[in-house]
Amino acid sequence: MIARAVALFAAAGLLLAPLSAAAHRGHGVLSVVEIDARTGGVRVSHRIAAHDAEPALALIAPDAQTSLDDPDAVEALKAYMLRTFSLAINGGFVDLTLKDLTLGADEVRFEYVGQVSPADVRAAIGLRAAMFADVYADEVNQVNVRRLGITRTLVFNGSDADAPQTLDPLEH
């Protein structure tokens, strides 16, 4: 009876094992850019699966431990994120300052703030979102841009993720 239960348990394990592997089919970062039309305030957030960020530390911070518990690795990750993501409005780059960093068990979340002139809120927006594209060939980064009640989405894929993309100016 016990042998049969063990055999059934083992068979169930073999059948269910591919499900956990299929649960994570690719790598990606979800970013949201919000621009306040009244003040010109800019907020940028990036959400990264911790199981994507931690292994990437081997390339991002080769002299540190590949762990989000290592302060040196986290500092290198912070610098990497600023180096691989950029936002330009009306042709000028927006300086982003890290406001908050959450290192969760499942997710790493970066929160940045910046400022543009309220007169530029409707202007063309240039974005580059190459986070982890140099680490994972199947990286897909989605950036949602919200301004004046309108949300536009840009997608940056794999080896093309480093190429800037532009959102046209909004009509008055």
Side-chain angles (χ1 to χ4, degrees), residues 23-90 92-117 120-121 123-148 150-167:
H24 186 69
R25 296 176 190 251
H27 300 91
V29 175
L30 173 61
S31 302
V32 177
V33 176
E34 295 179 284
I35 304 168
D36 186 302
R38 189 178 51 78
T39 66
V42 176
R43 289 185 356 184
V44 176
S45 68
H46 303 295
R47 291 181 177 183
I48 307 148
H51 61 265
D52 284 351
E54 228 166 26
L57 293 173
L59 293 174
I60 295 168
D63 296 330
Q65 294 179 31
T66 56
S67 170
L68 294 169
D69 293 330
D70 183 341
D72 292 336
V74 171
E75 286 304 312
L77 181 59
K78 288 178 188 178
Y80 175 84
M81 293 299 289
L82 282 173
R83 189 172 62 251
T84 57
F85 179 87
S86 62
L87 169 66
I89 296 182
N90 205 18
F93 285 99
V94 178
D95 288 325
L96 297 173
T97 302
L98 184 63
K99 180 181 175 188
D100 190 35
L101 172 62
T102 304
L103 302 172
D106 294 331
E107 181 179 84
V108 178
R109 185 175 180 136
F110 288 84
E111 298 282 341
Y112 296 92
V113 293
Q115 185 67 43
V116 298
S117 166
D120 287 338
V121 168
I125 296 177
L127 285 160
R128 187 175 62 84
M131 300 84 70
F132 304 105
D134 55 340
V135 179
Y136 303 113
D138 63 345
E139 182 73 22
V140 177
N141 297 328
Q142 177 179 321
V143 182
N144 296 330
V145 179
R146 297 179 185 146
R147 61 180 169 164
L148 298 166
I150 299 169
T151 300
R152 297 285 187 259
T153 300
L154 296 174
V155 176
F156 298 80
N157 291 306
S159 63
D160 294 332
D162 201 35
Q165 295 185 34
T166 304
L167 289 174

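Hydrogens, waters and symmetry mates are skipped; everything else that's a heavy atom, side chains included, is used.
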Over 12 foreign heavy atoms within 6.0 Å of [atom1], [X]:
X: Lys78; atom1: NZ; value: yes
X: Asn157; atom1: CG; value: yes
X: Asp100; atom1: CG; value: yes

Rounded to the nearest 0.5 Å, what separation is found between the [atom1] atom of [X] and the [atom2] atom of [Y]?
X: Ile60; Y: Met131; atom1: CD1; atom2: CE; answer: 11.0 Å
X: Leu148; Y: Asp36; atom1: CG; atom2: CG; answer: 9.5 Å
X: Asp162; Y: Asp134; atom1: CG; atom2: CG; answer: 8.5 Å
X: Glu111; Y: His46; atom1: CD; atom2: NE2; answer: 9.0 Å
X: Ser86; Y: Leu127; atom1: OG; atom2: CG; answer: 7.0 Å
X: Leu103; Y: Asp69; atom1: CG; atom2: CG; answer: 8.5 Å

When you look at Val74 and Leu101, which way does the side-chain contact (heavy atoms from CB on, under 4.5 Å) test go after all the steps? CA-CA 10 Å; Val74 171; Leu101 172 62; 3.7 Å; yes

Taking the side chain from [X] and the backbone from [Y], do they hold a donor-acceptor pair closer than 3.5 Å?
X: Thr102; Y: Gly104; result: no
X: Asp70; Y: Gln65; result: yes
X: Glu139; Y: Ala130; result: no
X: Arg147; Y: Val121; result: yes
X: Asn141; Y: Ala129; result: yes

Test side-chain contact (heavy atoms from CB on, under 4.5 Å) on Val29 and Asp52 and set out the steps. CA-CA 9 Å; Val29 175; Asp52 284 351; over 6 Å; no

Can you tell me which residue among Val108, Leu98, Leu96, Ile48 is in a side-chain contact (heavy atoms from CB on, under 4.5 Å) with Met81? Ile48

What closest approach, in Å, do [X] and [Y] show between heavy atoms, and which atom pair accounts for it?
X: Ala105; Y: Ala50; value: O-CB, 3.5 Å
X: Ala61; Y: Ala76; value: CB-CB, 3.5 Å
X: Asn90; Y: Ala123; value: CB-CB, 3.6 Å
X: Leu154; Y: Gln165; value: CD2-OE1, 3.4 Å
X: Gly40; Y: Gln115; value: C-NE2, 3.2 Å

Please walk me through it: do Gln142 and Leu30 pass side-chain contact (heavy atoms from CB on, under 4.5 Å)? CA-CA 5 Å; Gln142 177 179 321; Leu30 173 61; 3.9 Å; yes

Using a strict 4.0 Å threshold on nitrogen-to-oxygen distance, state whether Arg43 and Glu34 make a salt bridge. yes

Parallel, tilted or perpendicular: which describes the rings of Phe132 and Tyr80, with under 30° parallel and over 60° perpendicular? tilted

Taking it one step at a time, do Ile125 and Ile35 satisfy side-chain contact (heavy atoms from CB on, under 4.5 Å)? CA-CA 11 Å; Ile125 296 177; Ile35 304 168; 3.7 Å; yes

